[in-house]
Amino acid sequence: MRRTDTTLLEQMHITDTEISQRMELLNLSQEGLKLLSSHSHIIEDNIDVIVNEFYKKQTEIDEISLLIGDAGTLMRLRSAQRKYVIDMFSGEYGSEYVNNRLRIGLVHKRIGVEPKLYLSAVKSLKELVTRTLKNNIKNVDLLNSTLNVLESLFYFDTTLVFDTYIASLVEEIESEKRKTEIYAESLEGKVAERTKQLEELAKLDALTGIHNRRAMVDILNRELSISRRRESKLSLVYLDIDNFKKINDQQGHVKGDEILKYTSHILKSCVRDIDVACRYGGDEFCLVLPDCSIEDANNICLRIIEKFTSSYPNYSLSIGITEIVPGEIIEIDELIKKADKNMYIAKKQEGSIICA
């Protein structure tokens with residue numbers, strides 16, 4: 001349930017029993033409250049004088065004058081103060097009375113009235129009301145009894161005001177805490193996402209955008225384990241751009257980079273989703289082909305050569321392929337060396353494919 005759907009009494013869990021207990025602690029008996037209400041006519045007859053003198057004193061304090069701000073606000077405050085004082089002598093001190101006192105605390109907190117200013121204002125108001133009663137009640141015993149009850153009621157009101165004031169402060173702290181926690185969670189999410197992005201970027205070759213050597217080793221290790229567990233085939237392709245140094249020397253590194261990027265593009269376009277294209281280093285590339293026989297790997301490489309030579313007829317690729325068959329135990333370094341060896345054999349006849 002939203003806060004706006006509940007009263008301050010409900011929000012602060014103040015019941016009729018709680019109200020009675022508070023009054024008992026302050027010696028506010030029903031008899032005493034009836035005594036106070038019996039003098040309501042005195043207060044009502046003098047309410048304008050009380051309110052006028054109260055705000056005359058209050059507006060002389062610069063801090064309070066700044067908080068009030070303008071004539072319209074002062075007029076509304078006068079009206080609210082009239083009701084506040086009259087309610088003290090109304091004879092009704094139940095939940096509505098308490099809820100109104102709680103609201104006063106909330107309003108004072110929201111407009112920025114510091115506790116010291118509020119207590120100063122209460123002191124001034126009590127003095128004005130007390131003076132009014134002294135001027136109109138001639139029986140000394142009756143006056144003293146009335147003032148004692150009034151004193152307790154002022155304390156009662158003040159405790160309610162400060163309960164709301166403190167509750168509002170606590171809510172602000174809790175609200176800021178929740179915002180901080182949400183921000184922290186958001187920040188953690190962003191950091192985690194950014195870390196993940198950086199980790200992914202660390203696995204990619206900066207020039208070509210395909211997996212780098214480090215990532216290829218991790219991927220090959222994983223696929224080797226899967227191949228052994230499933231007893232499935234795995235092929236590794238090792239390819240090299242022939243005479244790449246000559247390309248760089250004669251046509252420049254821009255041309256060399258162009259060919260490298262195009263080669264990576266061809267590799268990605270010719271393989272399946274489960275296959276992985278990697279730049280092993282320099283002008284050397286690898287393909288990790290899970291669940292793929294050497295014959296199927298050879299067909300993939302034929303398509304790669306066809307696409308490459310159609311765009312760069314003056315250049316060629318040399319390719320070595322090796323395969324792991326079910327039940328074969330081989331380490332990753334040995335597998336890469338076998339594919340690399342086949343590639344170097346292929347280089348003796350540039351543009352060829354050697355499978356073994």
Side-chain angles (χ1 to χ4, degrees), residues 7-9 12-61 64 77-108 113 115-167:
T7 65
L8 287 171
L9 277 170
M12 300 184 66
H13 308 291
I14 296 178
T15 62
D16 289 341
T17 301
E18 169 71 10
I19 294 171
S20 297
Q21 288 175 345
R22 288 179 180 233
M23 287 187 171
E24 186 177 343
L25 286 171
L26 294 169
N27 294 319
L28 277 172
S29 65
Q30 290 302 312
E31 183 182 349
L33 291 171
K34 286 180 181 178
L35 174 62
L36 201 63
S37 65
S38 69
H39 302 301
S40 61
H41 62 284
I42 296 174
I43 299 301
E44 290 173 5
D45 290 344
N46 293 274
I47 189 64
D48 289 333
V49 174
I50 294 171
V51 171
N52 288 338
E53 287 197 31
F54 175 78
Y55 278 106
K56 180 181 178 183
K57 288 184 177 182
Q58 294 303 299
T59 53
E60 288 174 354
I61 302 172
I64 295 177
L77 287 172
R78 285 176 183 274
S79 177
Q81 189 72 319
R82 284 173 60 90
K83 185 177 187 310
Y84 177 86
V85 177
I86 289 172
D87 282 351
M88 293 187 77
F89 294 81
S90 65
E92 299 294 333
Y93 305 99
S95 57
E96 184 177 353
Y97 179 91
V98 171
N99 199 64
N100 289 336
R101 266 44 184 172
L102 293 173
R103 190 180 298 114
I104 290 169
L106 187 63
V107 170
H108 279 75
V113 177
K116 64 181 182 182
L117 297 178
Y118 178 79
L119 290 174
S120 172
V122 169
K123 181 177 180 294
S124 295
L125 180 62
K126 186 166 68 172
E127 289 172 353
L128 290 169
V129 174
T130 299
R131 188 180 69 188
T132 301
L133 292 172
K134 284 181 177 180
N135 291 338
N136 289 273
I137 301 175
K138 303 307 178 182
N139 186 307
V140 176
D141 292 336
L142 180 60
L143 174 63
N144 290 334
S145 297
T146 302
L147 293 180
N148 286 335
V149 178
L150 179 65
E151 177 85 5
S152 295
L153 188 59
F154 266 112
Y155 276 123
F156 179 75
D157 285 3
T158 302
T159 61
L160 293 170
V161 168
F162 273 86
D163 276 355
T164 323
Y165 197 102
I166 293 168

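Heads up: numbering here begins at 1 and tracks the sequence.
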By side-chain hydrogen bond (donor to acceptor under 3.5 Å, both in side chains), N100 pairs with (sequence neighbours left out) R103

Next on the checklist: For L28, is there any backbone N or O sitting under 3.5 Å from a side-chain donor or acceptor partner on Y93?
Outcome noted: no

Sorted by chain and residue number, the side-chain hydrogen bond (donor to acceptor under 3.5 Å, both in side chains) partners of T146 (sequence neighbours excluded) come out as H39

Contacts satisfying side-chain hydrogen bond (donor to acceptor under 3.5 Å, both in side chains) that involve residues 40-51 (not counting sequence neighbours) are D48-R82

To the nearest 0.5 Å, atom OG of S90 lies from atom CD of E96 at 9.0 Å

Looking only at heavy atoms, the pair that brings L128 and I50 closest together is CD1-O, 3.5 Å

Which donor-acceptor pairs under 3.5 Å do the side chains of residues 117-124 make with protein atoms, sequence neighbours left out?
{"from": "K123", "atom 1": "NZ", "to": "E127", "atom 2": "OE2", "distance (Å)": "2.6"}
{"from": "S124", "atom 1": "OG", "to": "S120", "atom 2": "O", "distance (Å)": "3.3"}

Taken in chain and number order and not counting sequence neighbours, the residues that satisfy salt bridge (charged side-chain N to carboxylate O under 4.0 Å, His left out) with K83 are D87

Sorted by chain and number, sequence neighbours left out, side-chain hydrogen bond (donor to acceptor under 3.5 Å, both in side chains) with Q81 holds for none

Smallest heavy-atom separation, L33 atom then V149 atom, equals N-CG1, 4.2 Å

Residues at least two apart in sequence or cross-chain that pass salt bridge (charged side-chain N to carboxylate O under 4.0 Å, His left out) with K116, listed by chain then number, are E114

In short, I19 meets V98 closest at the heavy-atom pair CD1-CG2, 3.6 Å

By side-chain hydrogen bond (donor to acceptor under 3.5 Å, both in side chains), N148 pairs with (sequence neighbours left out) none

Contacts of R78 meeting salt bridge (charged side-chain N to carboxylate O under 4.0 Å, His left out) (sequence neighbours excluded), chain-then-number -> none

Discussion item. Can you tell me if E31 has over 12 outside heavy atoms packed within less than 6.0 Å of its CD?
Written reply: no

*asked:* Please determine whether the number of non-hydrogen atoms from other residues, nucleotides or ligands lying under 6.0 Å from atom CZ of F162 exceeds 12.
replied: yes

Closest heavy-atom pair, M88 versus L153, reported as atoms and distance to 0.1 Å, is O-CD2, 3.4 Å

The reported gap from CG in N135 to CD1 in I42 (rounded to nearest 0.5 angstrom) is 10.0 Å

Please check this pair: side chain of S37 against backbone of F89, looking for a donor-acceptor N/O pair closer than 3.5 Å. no

With sequence neighbours left out, the residues meeting ring-ring contact (aromatic ring centres under 6.0 Å, His included) with F156 are none

Contacts satisfying salt bridge (charged side-chain N to carboxylate O under 4.0 Å, His left out) that involve residues 141-160 (not counting sequence neighbours) are R101-D157, K126-E151

By salt bridge (charged side-chain N to carboxylate O under 4.0 Å, His left out), E18 pairs with (sequence neighbours left out) R22

